[in-house]
Number of protein chains: 2
Amino acid sequence: MSDGVSLRDADFDYESQAPMSMTEAAYEALREEILTGRIPGDTLWSDREIAQRMNLSRTPIREAIQRLAAEGLVEVKPRRGTRVLPLRTDDVREIHQIAKALELEAALLLSGRDDRNIRDVEQAVTDMELALEREDRDAWVQADSRFHQAIVDNCGNRRLADLYQGHRALTDRARYFSLHLRPLPVRSAEEHRAMYEAIAARDTRRLSQLYHDHWNRTTEELLELVRRHADVMPIKASPREETK
Amino acid sequence: MSDGVSLRDADFDYESQAPMSMTEAAYEALREEILTGRIPGDTLWSDREIAQRMNLSRTPIREAIQRLAAEGLVEVKPRRGTRVLPLRTDDVREIHQIAKALELEAALLLSGRDDRNIRDVEQAVTDMELALEREDRDAWVQADSRFHQAIVDNCGNRRLADLYQGHRALTDRARYFSLHLRPLPVRSAEEHRAMYEAIAARDTRRLSQLYHDHWNRTTEELLELVRRHADVMPIKASPREETK
DNA sequence: ACACACCATCTGACATGCCAGATGTAATGT
DNA sequence: ACATTACATCTGGCATGTCAGATGGTGTGT
């Protein structure tokens with residue numbers, strides 16, 4: 001999508017089989033480029049530029065940009081351009097705190113449901129452990145993703161799931177570059193198993209504790225990686241916060 | 001704003017002193033009309049219709065509508081129209097669960113800060129108690145609002161505050177009509193005092209407990225009101241969930 | 001009386017044109 | 001050489017035109 005080829009060729013959402021709007025297509029393409037870092041932080045765009053590159057008019061591009069702005073990935077400055085917001089260490093902390101809050105609530109809800117479905121969650125934990133044995137990082141990451149997704153998807157609160165999903169762009173962006181830099185997540189696997197068991201046992205107090213511990217540790221681990229690999233990371237240390 | 005008079009006359013955001021875009025103005029006007037129930041649920045619009053009523057072109061209206069759609073207030077059906085989503089009891093539950101999760105995290109963060117500022121929080125609690133003595137419902141609601149706002153604003157996580165703020169449209173919509181129907185919130189005032197004290201004492205465990213209790217009770221109380229005043233409420237009982 | 005095909009009309013999706021403000025740069029004054 | 005000003009150029013904001021799909025009413029055939 002970064003090759004400047006028309007988006008019109010990809011006019012369908014193959015997964016849902018529903019026709020996708022141009023706005024939707026542009027949104028996903030841009031989001032993807034930002035998350036993977038193909039468009040680095042602080043880059044300035046103009047809507048015309050993007051429209052031309054994607055062979056669309058400015059209208060759907062503008063609408064896509066506004067969605068990205070609402071998600072916090074870009075900032076649009078009237079008569080200046082649209083800027084890809086760089087990720088700072090403080091942002092990583094904030095983003096993770098939000099994700100923790102949403103997912104913990106989901107986990108609590110899930111654990112309290114009578115008709116709960118925790119098969120997917122358990123399966124994800126098992127897969128994680130298997131991946132760990134094989135030292136298969138990609139499989140581990142995938143299972144990890146499924147674990148968190150399963151909890152949110154089955155919590156019974158669709159809005160919460162949607163909100164979490166939308167927020168995911170941010171956590172994913174932060175996590176994207178750490179995948180192959182971090183040590184084998186032995187500790188993390190244990191924690192996931194523990195979280196699953198707390199859900200199964202409906203132990204809300206333990207669940208809260210585990211969640212706080214897990215996310216706090218994950219955050220600090222990521223930030224430590226950022227510090228050590230500042231050169232290749234798209235995440236920058238926070239200069240003392242300019243207000244907006 | 002509902003009188004069909006041009007929005008152009010209100011071209012400035014008097015609070016922030018920044019010039020407001022037409023999109024922004026349209027967004028706020030529409031949001032206000034939905035929250036207060038002046039536009040009832042299930043209403044179908046067309047962008048042209050709104051544009052004409054506000055004396056604007058369709059472009060800013062479309063953009064405003066998309067923001068409202070992202071917030072979950074309306075649903076846009078291609079080639080059908082834009083529908084104001086009716087509020088159902090399940091929605092109220094979902095919305096409150098999310099608000100609880102976000103605000104609890106904020107409260108935990110606030111209580112853990114070294115340089116925390118909990119003056120505003122305490123002041124709000126005091127005001128609430130005073131309003132209760134005078135049986136001044138409006139003052140109580142205002143203080144209640146300030147209480148929650150103060151916690152979120154001072155938690156040190158701007159993104160969380162923004163997210164909470166955006167979500168607020170939904171909780172406010174649910175709460176709007178209950179203001180003068182509910183009994184005097186004696187219990188609530190006590191709970192707010194307890195929450196403040198838990199924050200001051202950095203008692204995270206108690207804080208979690210209090211939050212869950214408070215929000216669960218508030219939710220059920222509101223739903224009970226809905227049941228008893230179904231005729232005048234914009235919130236309808238949930239028919240067993242049609243999936244989208 | 002009823003099923004069904006037809007079509008005027010309405011909708012959102014998208015393209016495009018124009019505008020005012022912000023910017024960078026070159027021309028100007030000192 | 002340097003500060004200042006004038007202006008061409010770029011940007012997002014907004015208005016408007018076109019189009020295809022969805023809808024609902026009408027007329028036709030049975």
Side-chain angles (χ1 to χ4, degrees), chain A residues 4-13 16-30 39 42-71 73-85 244, chain B residues 4-13 16-30 39 42-71 73-85 244:
Chain A
V5 161
S6 170
L7 258 189
R8 293 171 180 289
D9 308 332
D11 200 345
F12 297 97
D13 180 342
S16 74
Q17 296 183 335
M20 188 164 41
S21 72
M22 292 293 117
T23 297
E24 184 76 13
Y27 164 76
E28 300 208 344
L30 288 175
I39 299 180
D42 257 334
T43 311
L44 261 178
W45 294 334
S46 81
D47 53 8
R48 280 166 241 260
E49 183 185 342
I50 307 170
Q52 186 168 26
R53 192 156 65 83
M54 292 190 180
N55 195 20
L56 288 175
S57 81
R58 291 169 52 216
T59 304
I61 299 299
R62 274 177 57 81
E63 291 174 351
I65 286 176
Q66 294 197 342
R67 283 180 61 180
L68 294 171
E71 275 182 20
L73 287 177
V74 306
E75 173 194 33
V76 39
K77 299 184 162 185
R79 284 163 222 104
R80 292 289 319 278
T82 298
R83 191 170 71 106
V84 178
L85 288 175
K244 192 167 188 182
Chain B
V5 161
S6 171
L7 258 188
R8 292 171 182 289
D9 307 333
D11 198 347
F12 297 96
D13 181 340
S16 73
Q17 296 183 334
M20 189 164 41
S21 71
M22 291 294 119
T23 297
E24 184 75 13
Y27 163 76
E28 301 208 343
L30 289 174
I39 299 180
D42 256 334
T43 311
L44 261 178
W45 295 334
S46 80
D47 52 7
R48 281 164 239 261
E49 182 186 342
I50 306 170
Q52 189 168 25
R53 192 157 63 84
M54 293 192 179
N55 195 20
L56 288 175
S57 82
R58 286 153 40 219
T59 304
I61 299 297
R62 272 177 60 80
E63 292 174 351
I65 287 177
Q66 294 197 342
R67 282 180 63 181
L68 293 171
E71 274 181 22
L73 287 177
V74 306
E75 173 194 35
V76 41
K77 298 183 162 184
R79 281 164 224 98
R80 291 289 320 281
T82 298
R83 191 170 71 104
V84 178
L85 287 175
K244 191 168 186 181

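Residue numbers start from 1 in every chain, and the chains themselves are labelled A, B, ... in the order their sequence lines are given, proteins ahead of strands.
- When each of D:dG12, C:dA15, D:dT18 is scored by its nearest atom to the side-chain atoms of B:R48, the top-ranked nucleotide is D:dT18.
- To the nearest 0.5 Å, atom CZ of residue B:R67 and atom CD of residue B:E28 are 7.5 Å apart.
- A close approach under 4.0 Å does not occur between any side-chain nitrogen or oxygen of A:R58 and OP1 or OP2 of C:dA15.
- In this structure, NZ of A:K77 is placed 16 Å from C1' of D:dC10, rounded to the nearest angstrom.
- Rounding to whole angstrom units, CD of residue A:Q52 and C1' of C:dA15 are separated by 14 Å.
- Distance CD1 (A:I65) to P (D:dG12): 7 Å, rounded to an integer number of Å.
- Separating the CZ atom of A:R62 from the P atom of C:dC14 is a distance of 15 Å, rounded to the nearest angstrom.
- Distance CD1/A:I65 to CG/A:L30: 6.5 Å, rounded to 0.5 Å.
- A close approach under 4.0 Å does occur between a side-chain nitrogen or oxygen of A:T82 and OP1 or OP2 of D:dG12.
- Atom C1' of nucleotide D:dT11 and atom CD of A:E49 are separated by 11 Å, given to the nearest angstrom.
- One interatomic measurement links the two molecules: CG of B:N55 to P of D:dC14, which rounds to 13 Å at whole-angstrom precision.
- A distance of 12.5 Å separates CZ of A:R58 from CD of A:E49, quoted to the nearest 0.5 Å.
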Output one line per pair: protein atom, nucleotide atom from nucleotides 21-26 of chain C, and distance, for all N/O pairs under 3.5 Å.
| from | atom 1 | to | atom 2 | distance (Å) |
| --- | --- | --- | --- | --- |
| C:dG21 | O4' | A:R79 | NE | 3.4 |

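- Between A:S57 and the phosphate of C:dT16, there is no side-chain N or O to OP1/OP2 separation shorter than 4.0 Å.
- Put simply, CD on B:Q66 and CZ on A:R62 are 10.5 Å apart, with the number rounded to the nearest 0.5 Å.
- The phosphate of D:dC14 (OP1 or OP2) has a side-chain N or O of B:T23 nearer than 4.0 angstrom.
- Atom CG of A:L44 and atom C1' of D:dG12 are 12 Å apart (whole Å).
- A straight line from CG of B:D47 to P of D:dT16 spans 14 Å, rounded to a whole angstrom.
- Contact annotation for B:T59: base contact, defined as any heavy-atom pair under 4.0 Å involving a base atom.
- The shortest side-chain heavy-atom distance between A:K77 and A:L44 does not fall under the 4.5 Å cut-off.
- In this structure, the separation between CG on A:L56 and CD1 on A:I61 is 5.0 Å, given to the nearest 0.5 Å.
- Here the CD atom belonging to A:E71 is positioned 12.0 Å from the CG atom belonging to A:L85, to the nearest 0.5 angstrom.
- Side-chain N/O atoms of A:S21 include none lying less than 4.0 angstrom from OP1 or OP2 on C:dA13.
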